[in-house]
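First comes the structure, then the notes that go with it.
Residue numbers run from 1 in the order of the sequence given. Remember, it's a predicted structure, so these values are computed and weren't measured experimentally.
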Amino acid sequence: MPGGRLTDEDRLQIAAGLAEGLGYAEIGRRLGRPASTIMREVTRNGGPDDYRADRAEDATRQRARRHKQARPPAPPVPDGGHGRDPQAVQDFTESFIALLVQQGLPRMEARVLACLYVTDSGALTAADLVQRLHVSPASISHAVAFLEQQGMLKRERVPGARRERYVIDDEIWLRSMLASQQMNDALVAASQRGAEVLGAATPAGARFESSAELLSLVSEAFQQVIEQWQSRSTPQPVHPPAE
C-alpha cells in the first residue's frame, strides 16, 4: 500500500529489481512507491550490491524493537501531585485518549488534548508537550493547529518570554459545540437548497427536505443547551473559532 510500511513481498521485489539492474525509480513504479523510499530501504540494508530481502526484514524488526524499548509511553506529570496515584492517572489518561479517538479525534490530537486536560494549569508549551509525549515538535505543531481550528485550545504568550503556550479552559466543549453548530447550520442550508433544486416532490428532493428538518432541530437543541449553560455559569462571551 503506497505510503505504508514495506512488506516481505515488497522487499523480495526490490531484491529482484536490483538483480535485474533496475534503478530506484523503476522499482518504485513497479511497487507504487516513491523512488526515495526504495533508496532509503536499500541504503540502510547493505546497498544495491549487498541487499537481501530476508536480512532487510530482520533488520527492520530489530530496529522496531529497539525503538519501542527506547521510547516507552511518558506518564502524565501532575502539577502539584495532590496525593494522586500516578498509575491511576496514567490509566485514566489512556482511557480518555481512547474515548476521544473513538469520537473521531485523530490519535495525536487526542494525546495532546488529554495531556493538557489532566494538567492542573491547563497550559503547556510546545517543549512541555514534546517532553511529556515523546514526539517530535512537528507532530505537536500539527496537532495544535488542528485543535485550535476546532476551538478546543488557544495560544497565549508566556509572560516575559517569546514562547507560546497552549491553553484549555472550562469553555473547551462550549467552543466545540459552537463549531459543531456552525457546521450543522451549513448542512441545513445546503439541504434546503438541495430540496429546492431537486424538487421536494421527488425522492431525492424529499430526502434533502427531511434532512433539513432534522438538522434544524439539532441546531435548535444546540442553541438551547448553549444558552442554558451560559445562564447557569455566566461565563465570558465565547466567540466561534475562526474559519
- Same apolar cluster: Leu187 and Phe208, side chain cutoff 4.5 Å: no

- Can you name the nearest heavy-atom pair linking Thr202 to Leu198, along with the distance? OG1-O, 3.0 Å

- Stepwise, does the side chain to side chain contact (heavy atoms under 4.5 Å, CB included) test hold for Tyr24 with Leu18? CA-CA 8 Å; Tyr24 297 140; Leu18 292 172; 4.3 Å; yes

- Query: Does Val225 share a hydrophobic cluster with Leu174, counting links as ILVMFWY side-chain heavy atoms below 4.5 Å and allowing steps through other members?
  - Reply: yes

- Query: If we only count heavy atoms from C-beta on, is the Tyr166 to Arg155 side-chain gap below 4.5 Å?
  - Reply: yes

- Item | Euclidean distance, Glu9 CD relative to Glu57 CD, rounded to 0.5 Å | 11.5 Å

- Query: Atom CD1 of Ile140 and atom CG of Leu129: how far apart are they, to the nearest 0.5 Å?
  - Reply: 4.5 Å

- Item | Closest contact, heavy atoms only, Ser211 versus Ser191 | CB-OG, 4.0 Å

- Query: Do the charged groups of Arg55 and Asp50 touch, with an N to O distance under 4.0 Å?
  - Reply: yes

- Item | Non-hydrogen atoms of Val188 and Ser216 that approach each other most closely | CG1-OG, 3.4 Å

- Message: Any side-chain to backbone donor/acceptor pair from Arg11 onto Leu6? Under 3.5 Å, distance only.
- Response: yes

- Would you check if the side chain of Ser141 reaches a backbone N or O of Pro137 as a donor-acceptor pair within less than 3.5 Å? no

- Rounded to the nearest 0.5 Å, what separation is found between the CD atom of Gln228 and the CD atom of Gln223? 12.0 Å

- Message: Would you say that Leu153 contacts Leu113 through its side chain, given a criterion of any heavy-atom pair below 4.5 Å between the two side chains?
- Response: no

- Is it true that the side chains of Glu41 and Tyr51 contain a donor and an acceptor less than 3.5 Å apart? yes

- Are any of the side-chain heavy atoms of Met152 and Trp173 separated by less than 4.5 Å? yes

- With side chains defined as the heavy atoms from C-beta onward, is the minimum distance between Val112 and Glu109 less than 4.5 Å? no

- Query: Taking atom CG of Asn45 and atom CZ of Arg52, what is their separation to the nearest 0.5 Å?
  - Reply: 11.5 Å

- Give the cluster check for Leu133 versus Val167: same hydrophobic cluster or not, with ILVMFWY residues linked at side-chain heavy-atom distances below 4.5 Å. no

- Is any side-chain heavy atom of Ile168 less than 4.5 Å from a side-chain heavy atom of Thr119? no

- Passes side chain to side chain contact (heavy atoms under 4.5 Å, CB included), Ile97 versus Arg107? Steps please. CA-CA 7 Å; Ile97 291 170; Arg107 182 164 181 80; 3.4 Å; yes

- Please examine the side chains of Met177 and Gln181, heavy atoms only from C-beta on, and report whether any two atoms are closer than 4.5 Å. no

- Query: Same cluster for Val101 and Tyr117 if Ile/Leu/Val/Met/Phe/Trp/Tyr side chains link at under 4.5 Å?
  - Reply: no

- Message: To check you understand the geometry: which heavy-atom pair defines the closest contact between Cys115 and Leu124, and what is its length?
- Response: SG-CD1, 3.9 Å

- Task: Report yes or no: do Gln62 and Asp58 form a side-chain donor-acceptor pair below 3.5 Å?
- Result: no

- Item | Minimum heavy-atom distance Arg5-Asp10, with the two atoms named | O-OD2, 4.2 Å

- Message: Looking at every non-hydrogen atom in both residues, tell me the closest pair between Asp185 and Ser219 and how far apart they are.
- Response: OD1-OG, 2.6 Å

- Between Phe146 and Leu105, is a side chain to side chain contact (heavy atoms under 4.5 Å, CB included) present by the stated rule, with each step listed? CA-CA 10 Å; Phe146 178 90; Leu105 202 62; 3.6 Å; yes

- What's the spacing between Leu22 CG and Ile14 CD1 if we round to 0.5 Å? 11.5 Å

- Rounded to the nearest 0.5 angstrom, the NE2-CG distance for His142 and Leu147 is 9.5 Å

- Task: May I ask you to check whether over 12 heavy atoms, not counting those of Glu20, lie within 6.0 Å of atom CD?
- Result: yes

- Task: Indicate if Leu100 and Val144 have the same hydrophobic cluster label, given that clusters are the connected sets of ILVMFWY residues with side-chain heavy-atom separations under 4.5 angstrom.
- Result: yes

